Amino acid sequence: MLGNSDFLTGAFPAEYGNALSGVFDIKFRNGNNSSWEHTVSIGTMGIDLASEGPFKKNGNASCIFNYRYSTLQFMSSFLPDGAGNMRYQDLSFKLNFPTKRAGTFSFWGLELIDSNKEKAKASSDEWEYEGDRQSYKTAINTGIAGLTHRISLNDRGYWKTVLAATGSGIRSNADRISDDMVSNPENTISKTNWNFILNSFVNLRLGKYINRSGITMTGMTYDVLLKNYLQPSKEFLTIVDDNGASALIEAYTDFSFHLRNRWTLNTGLHGQVFLLNSHYPIEPRIAVKYQLPNKSSFCFSYGMHSRMEQLNYYLSRSEKGELHNKNLDFTRAHHLVLSFDRSLGKDYHIRIEPYLQLLLYNVPVAADSSLSLINLRDEWFIQDKFYSNGKGLNYGIELTVEKFLSKGYYWLLTGSLYSSRYRGGDGIWRNTRYNRGYMVNMLFGKEWMVGRSRHNLCAANFRLTLSGGNRYSPVNEKESEKMQDVVFDESQAYSKQLSPAFWADFTVYYRMNRTKVSHEIGLKMLNATFYSEYLDHQYNFKTHKVDIYRDGISIPNLYYKIEF
């Protein structure tokens with residue numbers, strides 16, 4: 001389904017906003033407009049159906065769709081604990097209608113449904129950790145649908161407009177069995193969001209200059225209910241119970257033009273306003289590129305970027321019911337990036353990129369505490385009052401060396417050395433949760449043409465990843481034993497680091513190519529090293545100690561695919 005898509009990091013152009021460190025601009029490709037093609041795949045992970053083709057013979061209009069359905073629930077007896085309870089399905093599509101005079105219209109969409117559940121262990125003798133006495137059910141759905149129109153403006157450029165609606169919802173309920181074997185509510189998460197988006201821009205060539213100017217208007221509706229059982233007060237407290245609407249309005253302009261002597265300049269301005277609290281950052285962007293005659297180039301770019309927080313953080317209430325985080329500002333950052341690119345012949349490419357996220361500022365932090373939203377990952381039950389006066393600092397260097405697919409093989413090596421630090425409400429600089437220090441990725445693939453006529457294909461692809469270990473806060477053992485719960489020493493937040501992480505994925509397959517049909521048998525293996533990722537710490541009721549909680553799933557996907 002994917003067409004040419006852009007993954008941008010650092011100081012990205014002015015057309016992208018409400019993001020701090022990276023943007024993945026995903027585009028669906030058009031379907032085949034000359035003949036119909038179909039794909040059916042059946043494997044241990046589920047089924048996968050795809051089809052594309054023209055609406056009518058000798059026409060330019062086309063359609064493409066893909067549907068996937070998980071069958072893990074039917075294999076629960078053979079899978080690791082919890083894996084058989086995962087259920088998911090998704091549908092994606094794109095309809096493309098070129099016209100002679102009115103431009104091109106595209107209707108596209110994506111729908112995702114995911115669910116998971118777990119039952120508490122029935123006997124108290126089996127309770128080793130808190131999670132053993134908890135049951136939960138979670139259902140998640142996300143839907144996106146949009147209409148895109150693009151029309152040429154003679155030879156000067158084009159005008160593109162997108163109307164889209166996105167909806168997402170999560171329903172989760174957790175219960176806990178008490179010591180007297182009574183099941184009580186533990187927490188409730190109910191959240192529904194709808195975004196209605198208008199994005200429109202004009203891309204014009206003005207002599208030596210190219211200008212892209214546009215606007216994005218996002219209307220947001222929300223309905224959020226968050227309840228949590230608090231220890232030691234033993235209250236089932238409502239943290240968020242709110243519904244309403246707000247909007248984010250963005251506007252930008254971006255100029256690109258060639259200077260003399262191989263220089264190219266891109267400069268722009270992005271502005272946005274969040275109507276819930278009327279904060280409005282104005283963000284300049286600039287990039288200068290110098291092209292050398294030996295297929296090499298240097299580029300320096302700077303950008304100011306900002307991002308709003310999740311809506312439930314703005315809507316959280318104190319124990320007194322006060323809406324105390326509504327006025328949080330955008331988290332903002334200055335980016336500086338220097339890159340060197342060089343093509344080595346037809347098959348090789350090298351890129352070196354030092355970067356400096358010079359200063360993150362206006363980061364929400366709790367007063368006199370190490371708590372910062374920069375470290376949180378989809379935390380729901382936040383009651384603390386935050387102030388937009390925290391800071392952060394990220395810097396590093398990245399190296400990419402690539403051999404493109406030729407002579408039947410390819411490889412890609414990427415490496416990153418980096419540091420990520422933050423300053424909390426207590427004014428102390430610390431490592432962030434994400435400061436692993438380094439990461440190395442190696443991809444390799446090889447194809448062999450086999451068979452009597454060399455029409456069949458045998459292929460193997462591998463990915464290896466090595467990174468520094470997860471960061472975590474040291475545990476206060478005495479307080480944890482006293483409270484029978486994990487108590488961290490937050491004064492030394494994220495000062496500890498686990499051992500390095502190493503994991504591997506691979507795919508091997510054999511394809512038999514015929515005139516109008518091909519058959520493929522393969523094996524895909526994610527996490528072939530059976531690495532268990534660190535998730536948290538847990539208090540062990542049997543040993544009265546705190547244990548590291550890890551989890552990792554390795555599920556081989558043996559599949560058969562037919563294309564016709």
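Counting from 1, the numbers follow the sequence of the chain as shown. Computed from heavy atoms alone, side chains included, the values below leave out hydrogens, waters and symmetry copies. Treat the numbers as computed from the prediction; the structure is a model and nothing was measured.
Rounding to the nearest 0.5 Å places NE2 of H270 at 5.0 Å from CD of Q272. Of the inter-residue distances, the one linking I215 atom CD1 with Y252 atom OH reads 10.0 Å to the nearest 0.5 angstrom. The distance from the CD1 atom of I151 to the CZ atom of R101 is 11.5 Å, given to the nearest 0.5 Å. Taken to the nearest 0.5 Å, the OH atom of Y67 stands 8.0 Å off from the CG atom of L91. We find the CZ-CG distance between F201 and N211 to be 11.5 Å, quoted to the nearest 0.5 Å. From S168, atom OG reaches atom CH2 of W194 across 9.0 Å, with rounding to the nearest 0.5 Å.
With a 6.0 Å radius and a threshold of 12 heavy atoms from other residues, nucleotides or ligands, K191 has its NZ atom above the threshold. For R421, the CZ atom sits in a packed shell: over 12 heavy atoms of surrounding residues, nucleotides or ligands are nearer than 6.0 Å. Other residues, nucleotides and ligands contribute over 12 non-hydrogen atoms within 6.0 Å of the CH2 atom of W411. Atom OH of Y395 has 12 or fewer neighbouring heavy atoms from other residues, nucleotides or ligands inside a 6.0 Å radius. The number of heavy-atom neighbours closer than 6.0 Å to CE of M449, taken from other residues, nucleotides and ligands shown, is above 12. Other residues, nucleotides and ligands place more than 12 heavy atoms under 6.0 Å from the CZ atom of F564. More than 12 heavy atoms of other residues, nucleotides or ligands shown are found within 6.0 angstrom of CZ on R332. Summarising the local packing, NE2 of H258 is surrounded by 12 or fewer heavy atoms from other residues, nucleotides or ligands at distances under 6.0 Å.
Remark: the Y510 side chain and the N456 side chain contain an N/O donor-acceptor pair separated by less than 3.5 Å. Donor-acceptor pairing under 3.5 Å is recorded for the side chains of T331 and E309. For the 3.5 Å distance criterion, the side chains of T264 and Q291 fail to qualify, holding no donor opposite an acceptor. Between the side chains of T432 and S420, at least one donor N or O sits under 3.5 Å from an acceptor N or O. Remark: the W159 side chain and the S200 side chain contain an N/O donor-acceptor pair separated by less than 3.5 Å. Checked by atom type, the side-chain pair N470/R436 shows a donor-acceptor distance below 3.5 Å.
Distance alone, capped at 3.5 Å, is enough to place a donor-acceptor pair between the T529 side chain and the F502 backbone. A distance-only check finds no donor-acceptor pair linking the side chain of R351 to the backbone of R342 [under 3.5 Å]. Looking only at distances, a side-chain donor or acceptor of S554 sits under 3.5 Å from a matching main-chain atom of N527. Side-chain atoms of N557 come within 3.5 Å of backbone N or O of M45 as a donor-acceptor pair. When atom types are taken as modelled, the side chain of S106 and the backbone of K94 share no donor-acceptor pair closer than 3.5 angstrom. Of the possible polar contacts, one joining the N375 side chain to the R433 backbone as a donor-acceptor pair under 3.5 Å is found. When atom types are taken as modelled, the side chain of N33 and the backbone of S62 share no donor-acceptor pair closer than 3.5 angstrom. A donor-acceptor pair under 3.5 Å is absent between the side-chain atoms of N32 and the main chain of G53, judged by distance alone. Between the side chain of N66 and the backbone N or O of L49, at least one donor-acceptor pair lies under 3.5 Å.
Counting heavy atoms from C-beta outward, S21 and R307 have side chains that stay 4.5 Å or more apart. Using a 4.5 Å heavy-atom threshold, the side chains of Y222 and N312 count as separate. Residues E353 and T9 have side chains in contact (heavy-atom distance under 4.5 Å, counting atoms from C-beta outward). Here the side chains of Y348 and K403 are in contact, with some heavy-atom distance below 4.5 Å. Residues L8 and D25 have side chains not in contact (no heavy-atom distance under 4.5 Å, counting atoms from C-beta outward). Looking at heavy atoms from C-beta onward, N96 lies in side-chain contact with P98 at the 4.5 angstrom threshold.
When ring centroids are compared, F97 and F55 come within the 6.0 Å threshold.
Note on ring orientation: taking the six-membered ring where Trp is involved, the planes of W263 and Y290 are tilted (angle from 30° to 60°). Between H335 and F12, the ring-plane angle classifies as tilted under the 30° and 60° cut-offs. By the 30° and 60° cut-offs, the orientation of the rings of F7 relative to F24 is perpendicular. W108 and F28 have perpendicular rings, their planes meeting at more than 60° on a 0 to 90° scale where under 30° would count as parallel. Between Y361 and H334, the ring planes are parallel. Angles under 30° get that label, and only those over 60° would be called perpendicular.
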Practice item. Carefully, step by step, assess L336 and Y302 under the rule side-chain contact (heavy atoms from CB on, under 4.5 Å). Key: CA-CA 5 Å; L336 296 171; Y302 162 79; 3.5 Å; yes
Check your understanding: Given the rule in the ring pair (Phe, Tyr, Trp, His ring centres under 6.0 Å) test, do Y509 and Y559 qualify, once you have shown the distances and angles that lead to the verdict?
Key -> CA-CA 9 Å; Y509 63 89; Y559 69 92; 7.5 Å; no
Check your understanding: Would F274 and Y314 satisfy ring pair (Phe, Tyr, Trp, His ring centres under 6.0 Å), going step by step from the backbone distance to the final call?
Key -> CA-CA 12 Å; F274 184 30; Y314 297 98; 5.3 Å; yes
Review point. Could you go step by step and tell me if T161 and L147 meet the side-chain contact (heavy atoms from CB on, under 4.5 Å) rule?
Key: CA-CA 8 Å; T161 300; L147 178 65; over 6 Å; no
**Study point:** Worked verdict on L153 versus L204 for side-chain contact (heavy atoms from CB on, under 4.5 Å)
**Key:** CA-CA 8 Å; L153 303 175; L204 293 176; 3.8 Å; yes
Practice item. Start with the C-alpha gap between Y88 and L112, add the side-chain angles, then the distance that decides, and say whether side-chain contact (heavy atoms from CB on, under 4.5 Å) holds. Key: CA-CA 7 Å; Y88 62 85; L112 316 168; over 6 Å; no
Exercise for review: Run the numbers on F257 and Y209 for ring pair (Phe, Tyr, Trp, His ring centres under 6.0 Å), then give the verdict.
Suggested key: CA-CA 5 Å; F257 48 94; Y209 309 102; 4.9 Å; yes
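What you find for E447 and A459 is that their closest heavy atoms are CG-CB, 4.0 Å. The two residues M220 and L248 come nearest to each other via the heavy atoms CE-N, 3.8 Å. Of all non-hydrogen atoms in L466 and Y438, the two that sit nearest each other are CG-CE1, 4.1 Å. A460 and W448 make their closest contact through N-CZ3, 4.2 Å (heavy atoms, listed as atom of the first residue, atom of the second, distance). Heavy-atom minimum distance, K27 versus S5: N-OG, 3.1 Å. When all heavy atoms are compared, the tightest approach of G10 to V337 is CA-CG2, 4.1 Å.
Residues satisfying the side chain to side chain donor-acceptor pair (under 3.5 Å) test with H149, not counting sequence neighbours, are none. For the side chain to side chain donor-acceptor pair (under 3.5 Å) test, residues two or more places apart in sequence or in another chain that qualify with N203 are R212.
Listed by first then second residue, pairs satisfying salt bridge (Lys or Arg N to Asp or Glu O under 4.0 Å) with a partner in residues 45-55 read R29-E52, not counting sequence neighbours.
Using a 4.0 Å cut-off between charged side-chain N and carboxylate O, R205 and D155 make no salt bridge.
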